[in-house]
Amino acid sequence: NLNDDIIYVDVSASTVKVKKQVWELIKDRTTRFVDAAMLGPLPMHQHKVPIAASGTGVDEFMELMVPHGMKIEKVSETAGDGTAIKLIRTIFTKGLSSLLLEIVEISTKTGVTDRIIESISGTVDEVSFEYTINRLLTSGAIHAERRAHELIGSIEMMNEYNVDPVMSIAAKEKLDWFASKNLNEIFKGETPKSFKDFVEYL
């Protein structure tokens, strides 16, 4: 029996669309809904797992649970926003693990795994990850076409070693799409200061 004395907390792995549908179904019976998206492994963090929470009941949920050690961050009062963060983050975590698998597979067959890990680690560890994101995206706005072309050699090498270059092919296709936005012309060959300067053109 759902009523306004109850905070309805949805921690399911449903989609943004489903979270919004749930809110529409119950909003006449309670004004306190929380879309709670867990952003880490529950077995490892247990009740301290980071949670991105959205919905009309987040403030009260935090008041009740944060004192017990729960790590809850309020995203907004809109159902589905917490889940959106989780699902977009999943694109990164699963995409990165798949990309690393492809890298390790080809580097093992060519005998350069240790050197590759050392090289990539040096690049990643040198500056903050946020800086790296901005640098790669802003420079990509100008150099996407060239970078897509450079991947052809990588793809050909993997084919020679019977390694499925699925991630590299996807990267090339995304860079081809990026290049098709003609940001190099829009910004007259000058690298934008932030990726936020060109997202409206994508």
Side-chain angles (χ1 to χ4, degrees), residues 13-18 37-44 49-50 52 80-202:
S14 302
T15 64
V16 172
K17 181 179 180 180
V18 169
M38 292 180 282
L39 304 181
L42 187 58
M44 178 185 297
V49 63
D81 284 359
T83 290
I85 290 176
K86 177 182 177 67
L87 294 180
I88 295 169
R89 186 175 182 272
T90 293
I91 298 171
F92 169 74
T93 55
K94 274 59 173 184
L96 179 60
S97 63
S98 299
L99 181 62
L100 290 173
L101 180 59
E102 188 165 298
I103 289 169
V104 168
E105 187 178 4
I106 184 60
S107 66
T108 299
K109 289 194 175 185
T110 55
V112 295
T113 301
D114 290 343
R115 292 291 182 90
I116 286 295
I117 298 301
E118 181 181 352
S119 177
I120 294 175
S121 296
T123 299
V124 173
D125 295 341
E126 186 177 11
V127 292
S128 71
F129 187 55
E130 185 175 355
Y131 177 89
T132 298
I133 292 173
N134 194 66
R135 178 180 63 81
L136 290 175
L137 291 180
T138 54
S139 60
I142 305 302
H143 303 294
E145 183 176 3
R146 175 177 59 80
R147 290 177 178 176
H149 182 75
E150 290 172 350
L151 273 169
I152 294 175
S154 302
I155 293 168
E156 289 178 350
M157 178 182 65
M158 282 186 279
N159 284 328
E160 291 171 3
Y161 281 88
N162 295 316
V163 174
D164 184 3
V166 59
M167 296 300 293
S168 297
I169 290 172
K172 181 183 181 304
E173 290 176 350
K174 197 65 178 183
L175 286 169
D176 285 335
W177 170 85
F178 199 8
S180 74
K181 299 301 176 179
N182 297 317
L183 295 178
N184 191 23
E185 294 181 14
I186 293 173
F187 288 91
K188 299 179 180 178
E190 295 291 331
T191 304
K193 293 182 178 179
S194 169
F195 69 88
K196 295 178 182 179
D197 294 335
F198 61 76
V199 290
E200 64 182 287
Y201 298 105
L202 300 181

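Throughout, residue positions are numbered sequentially from 1 according to the sequence presented.
Smallest separation of non-hydrogen atoms from Phe198 and Pro192: CD2-CG, 3.9 Å. Among all heavy-atom pairs drawn from Ala179 and Glu145, the shortest one is CB-N, 3.8 Å. In plain terms, the two heavy atoms of Ser107 and Thr110 that are nearest each other are O-OG1, 3.3 Å. Taking all atoms of both residues into account, the shortest heavy-atom contact from Ser194 to Asn134 is CA-OD1, 3.3 Å. Residues Met38 and Leu42 come closest through the heavy atom pair SD-CD1, 4.0 Å.
One distance of note links CG of Asn162 with CD1 of Ile106; it measures 9.5 Å at 0.5 Å rounding. How far NZ of Lys172 is from OG of Ser168: 11.5 Å, rounded to the nearest 0.5 Å. Distance OG1/Thr138 to CD1/Ile133: 11.5 Å, rounded to 0.5 Å. Note: Glu150 CD to Arg147 CZ = 8.0 Å, rounded to the nearest 0.5 Å. Between Leu136 atom CG and His143 atom NE2 the span is 11.5 Å, to the nearest 0.5 Å. Distance check, rounded to the nearest 0.5 Å: OG1 of Thr132 to CG of Leu137 gives 10.5 Å.
Annotation: Glu105, atom CD; neighbour count of heavy atoms from other residues, nucleotides and ligands within 6.0 Å is above 12. Within 6.0 Å of atom CG in Asp114, 12 or fewer heavy atoms from other residues, nucleotides or ligands are found, so the atom counts as exposed in its surroundings. Sparse packing is recorded around CZ of Arg115, with 12 or fewer heavy atoms of other residues, nucleotides or ligands lying under 6.0 Å away. Annotation for Lys181: atom NZ counts as buried by contact number, over 12 foreign heavy atoms lying within 6.0 Å.
Within the 3.5 Å criterion, the main-chain N or O of Ile116 finds no donor-acceptor partner in the side chain of Ser119. A side-chain donor-acceptor contact under 3.5 Å links Ser139 to the backbone of Arg135. Checking side-chain atoms of Thr83 against main-chain N and O of Gly80 turns up no donor-acceptor pair under 3.5 Å.
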*Could you walk me through whether Leu183 and Leu202 pass side chain to side chain contact (heavy atoms under 4.5 Å, CB included), step by step?*
CA-CA 9 Å; Leu183 295 178; Leu202 300 181; 4.2 Å; yes
Ile103 vs Ile120, side chain to side chain contact (heavy atoms under 4.5 Å, CB included): CA-CA, chis, key distance, verdict:
CA-CA 11 Å; Ile103 289 169; Ile120 294 175; 4.3 Å; yes
Margin query: Between Leu151 and Ser154, is the side chain to side chain contact (heavy atoms under 4.5 Å, CB included) condition met? List the steps.
Written below: CA-CA 5 Å; Leu151 273 169; Ser154 302; 4.3 Å; yes
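A donor-acceptor pair shorter than 3.5 Å can be found between the side chains of Thr113 and Thr108.
Relative ring orientation between Phe129 and Phe92 is described as tilted, the plane-to-plane angle lying within the 30° to 60° band. Relative ring orientation between Tyr201 and Phe187 is described as perpendicular, the plane-to-plane angle rising above 60° on a 0-90° scale split at 30° and 60°.
At least one side-chain heavy atom of Lys86 sits under 4.5 Å from a side-chain heavy atom of Leu39.
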